[in-house]
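Order of the sequence lines fixes the chain letters, A, B, ..., with proteins taken first and strands second; residue numbering starts at 1 for each chain.
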Amino acid sequence: MSGTFQSQVYYSDIDTNLTINPISEDVGRITNENAIRRSIRNLILTDYYERPFKPDIGSNIRKLLFELITPITIELLQKGISDVINNYEPRANLIDVICTPYEDSNAIDVTIVFSIINREDPITMQLSLDRIR
Amino acid sequence: MSDFLPVSQLDFTSLRTSLKAYLQGQDRFKDYDFEGSNLSVLLDILAFNTYQNAFYLNMIGNEMFLDSATLRDSVVSHAKELNYLPRSFTSSAATVRVNVAVTNNAVYNITVPQGYKFTTATANKNFTFSTPSPTVITRNSNNEFIKDIIVYEGFLISEKYVVNTSIENQRFVLSNPKVDTDSVEVFVSPDANTSTNTEYTFTTSIFGLNANSTVYFIQAAESEKYEVKFGDGIISKKPTNGNLIRVDYRISSGSDANGLNSFTPQGTISGYSVAASTISAASGGANNESLQSIKDNATRFFQTQDRLVTKEDYRALIIANFPEVKAISVYGGEDIPVTPQYGKVAISCATQSGDLLTITSKDRILDFVKTRSPLSINPIIIDPEFLDLVITTNVNYNVNQTTLTTNQISDLTANAISSYNNSSLTDFNKTFRFSKLVSNINSSHPSIVGNETSVNMIKTIVPLLNENFTFTIDFGNEILRDDLNISRPLTNEFTVYSSEITFNSRKAFFGEDGAGNIFIYESSGTSRNVLKLRAGTVDYKNGTVTVSDVILNDYSGAGISFYAIPTKQDITAKRNTIIRINNQLNNISVTAVKE
């Protein structure tokens, strides 16, 4: 995805895996679009009350995954994801959230379409939500 | 990038803001402002961790000082540095008259064994009292075996330890936290199979000890327990490997058994039946010392160094060791009015219950004081005297400012007087401040616009009846002297007068003539009829009333109450006098005004 932005670094974050940059031997970083994607992913996968002293950051996805897959659950899921992005990710203009249920494999595919502020081209990111038990 | 992290506040939000401010100095990682970023998660963890550490350090800081420590173990540890032993549970003590019905005429002495039990109960709990040591009763001239014995509440138990020097810092912690430390006795045998033993004695200081001194110390241990400590072989004798240590002590129920006064002996003594009557009810029991009390007393105790020299020493040590004592007044015997007793120290104690000290408690206090006071000082215990005050007040309140009734205003006034009494009086060496009381009454409700208040002093004595009787009442405050004589109208009270007595079989009262004389009179219509002209004297200046050579037939109520009008409205209490407002006698009237 690098290259979508020019070489100018607007946003930069540490890498989730804390990898080491082989040249600078500093902690690796992710930038611009990748940083925003990671941020959205973090927000969606965070539960309420998970972050210390910030109980309202996150979405209720984990709980919804244990519900029956019905149109209402899907609707709630979409709303939860939209809310958390709108509230806590000011860098993303959310365009659409599409949830596709796979009842047989107990999974839901989430496709999030957004654009970065001051840029028009839409970015699509996909996330597969799956119960681990 | 700043070289240091600015930290001024230790709450989570401030710490996180500081970390963010720190990161603003670099441009490699810019996403610290966005909640979803990895960096933000890391900042949360860092801030939370710092916050936890700060909190923990704050708690440790608190526990490091006696003033701010909140854990009992910390407070006890600080007290230990001041050589203060927190008071343990204390058994109630009662005096029981034991009567053993010995039928064998050849027996002259009989021994009540240690641990002989008496049972008693409250409505929902049974208690056992027992004798602390063997007591010998000798046949008296009436061929009876009677003796007054002090018995203590609680169960006697023994705990044994084998000294094992391979254990580093072996401790002898008494397993029950309800131990009464006064009852601890320590015996050391050479080994578990030897029945002979040496009794070790309790000591609080190392003065006069040597390597062969068989003494033990008690110190507070963790979890409200106590432990027995021995010397190190230099300051006093140290038990050696394999020695068997037996610790006998009493487990007490604390204050629960106070006030019990019916004791049933359990079993016979040497085969003879036993009867018991109560001489003084159980008193002096207390639960272990509270945290706040340890904080207060430890420093005072340190100040006294376990010696009774100054007034404050007596106060600190007696209150620390006798939980039943609420307040104390100490003064030299030369200050005792009328009959000074030189070379003595007078101790007057007010109890938690409000009753006078029992004979048992007095004996225990005297025993305690004698071992700690300087030579040639002879302590005596004097019961406190109460100087009752009666408040007469007329309260004016503005009806336009309240919907309260006169009765409710009257209740508020009574409460204001009562609360002044509880907060500022009912203790030794207190002064009744008239203006404070008046101001308390005024501020008891916003509608009260003023009050007209006066105060009278009362002292009550119980006289001997039908025999020549002389007594002195010391009000301790100057008594008002006016120039009116005996024949003043009935509506005009004397400045000293009494409740009703019976003199020469006639209902009568004491009065004063304005010239320093007390007389006895009866009411006859609207005038007074003097029955005895010279019945005593009044010393207005010193506030004493002496009644001499009168024979009284009777009195009404609990005793003769002498009323005196003070010259000054502020009334002081000296020596063993406790000043208090008698709420039942107060005269409160309420007047509604419109302003």
Counting only non-hydrogen atoms closer than 4.5 Å, does [X] touch chain A with its backbone (N, CA, C, O), its side chain (CB onward), both, or neither?
| X | value |
| --- | --- |
| B/S40 | both |
| B/L42 | side chain |
| B/Y32 | neither |
| B/R28 | both |

Going from [atom1] on [X] to [atom2] on [Y], what distance comes out if it is rounded to the nearest 0.5 angstrom?
| X | Y | atom1 | atom2 | value |
| --- | --- | --- | --- | --- |
| A/N42 | B/E35 | CG | CD | 11.5 Å |
| A/R38 | B/L39 | CZ | CG | 14.0 Å |
| A/I36 | B/D31 | CD1 | CG | 7.5 Å |

Can you tell which part of [X] gets under 4.5 Å to a heavy atom of chain B, answering side chain, backbone, both or neither?
| X | value |
| --- | --- |
| A/I30 | side chain |
| A/I57 | side chain |
| A/V27 | both |
| A/D15 | backbone |

Within a 6.0 Å radius of atom [atom1] on [X], are there more than 12 heavy atoms belonging to other residues, nucleotides or ligands?
| X | atom1 | result |
| --- | --- | --- |
| A/F53 | CZ | yes |
| A/R41 | CZ | no |
| A/E103 | CD | yes |
| B/L71 | CG | yes |
| B/I167 | CD1 | yes |
| B/M59 | CE | yes |
| B/K326 | NZ | no |
| B/L57 | CG | yes |

At their closest point, which heavy atom of B/S37 faces which heavy atom of A/S39, and how far apart are they?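 Closest pair (atom of B/S37, atom of A/S39, distance): N-OG, 3.7 Å.
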Please report the closest heavy-atom contact between B/F48 and A/P52, naming both atoms and the distance.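 Closest approach of B/F48 to A/P52: CD1-CB, 3.6 Å.
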Who among B/V41, B/D33, B/N38 has the most heavy-atom pairs with chain A under 4.5 Å?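 The option with the most such pairs is B/N38.
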Assign the ring pair A/Y11 / B/F34 to parallel, tilted or perpendicular, where the plane angle (0 to 90°) is split at 30° and 60°.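 Ring orientation, 0 to 90° scale: perpendicular.
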Quick check for you: among A/I44, A/L43, A/D13, A/N87, which has the greatest number of heavy-atom pairs under 4.5 Å with chain B?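 Option with the top pair count is A/D13.
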